[in-house]
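Structure, as structure tokens:
Quick note: residue numbers are just sequence positions, from 1.
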Amino acid sequence: RMGAPELEVAAAVNDLTRYLLFVDEPPLAAPVVGVSTFSKTFPQQGPHDRLGRSLRDFNLHTRIFRYRLSYTIYSPAFDHLPDPARRKVYERLHDALTDRVVSGHIPEQERTDVVSILLDTKPEAALYFRRR
């Protein structure tokens, strides 16, 4: 909300960052198996990094997605967040993904993979991550 108190904005940024990182995602009780082509076609929508990885890639064994950063970071809704809020989200993501904050729910190799995917696929994030 434009003009919202700073504490309210900080709480919203925190909530959004936790959502994007799947912090509260429960593990799957059993692998997900289906008969549709969705599990093949959805990841193909990309974007993909130079190694062919995408935030849309599925795990479907222990959790829904392979990488613990939501593909919704590519959405127009995210891109149209007010600049100060979007920058704060990038700041929080950077801290969580580069281990500046304790992010025990994401193993180190996965954090490295997610940052690499972001650097290749999200120009705005790439500029921010390289600048810090």
If you round to the nearest 0.5 Å, how far is [atom2] of [Y] from [atom1] of [X]?
X	Y	atom1	atom2	result
Leu69	Leu21	CG	CG	6.0 Å
Leu51	Asp113	CG	CG	8.5 Å
Thr112	Ile117	OG1	CD1	11.0 Å
Thr17	Leu97	OG1	CG	10.0 Å

Residue pair [X] / [Y]: nearest heavy atoms and the distance that separates them:
X	Y	answer
His48	Pro43	NE2-O, 3.0 Å
Ala85	Val13	O-CG2, 3.9 Å
Thr72	Tyr19	OG1-CE2, 3.8 Å

Is NZ or CZ of Arg56 both nearer than 6.0 Å to the six-membered ring centre of Phe42 and within 45° of the ring axis?
-> yes

Take Leu81 and Leu16, measure what side chain to side chain contact (heavy atoms under 4.5 Å, CB included) needs, and give me the verdict at the end.
-> CA-CA 11 Å; Leu81 287 171; Leu16 176 57; 3.7 Å; yes

Would you find a donor on one side and an acceptor on the other, under 3.5 Å apart, between the side chain of Asp49 and the backbone of Asp120?
-> no

Backbone N/O of Ala125 and side chain of His94: donor-acceptor pair under 3.5 Å = no

Side-chain heavy atoms of [X] within contact of [Y], under 4.5 Å:
X	Y	value
Leu93	Ile73	yes
Arg68	Pro107	yes
Gln44	Ser54	no

So Phe65 and Phe22, would you call those rings parallel, tilted or perpendicular, with 30° and 60° as cut-offs?
-> parallel

Scan residues 57-67 for pairs that pass salt bridge (charged side-chain N to carboxylate O under 4.0 Å, His left out), counting only residues two or more places apart or in two chains.
-> Arg63-Glu110

Not counting sequence neighbours, list each pair that qualifies as a salt bridge (charged side-chain N to carboxylate O under 4.0 Å, His left out) and has a residue in residues 25-42.
-> none

Check Val33, Val32, Leu60 against Ser39 for a side-chain contact (heavy atoms from CB on, under 4.5 Å) and give me the one that passes.
-> Leu60

List the steps and the verdict of ring-ring contact (aromatic ring centres under 6.0 Å, His included) for Phe78 and Tyr71.
-> CA-CA 10 Å; Phe78 182 84; Tyr71 69 93; over 10 Å; no

Is Asp95 salt-bridged to Arg92, going by a charged N under 4.0 Å from an acidic O?
-> no

Could you tell me whether Asp79 and Lys122 have a side-chain N and a carboxylate O separated by less than 4.0 Å?
-> yes

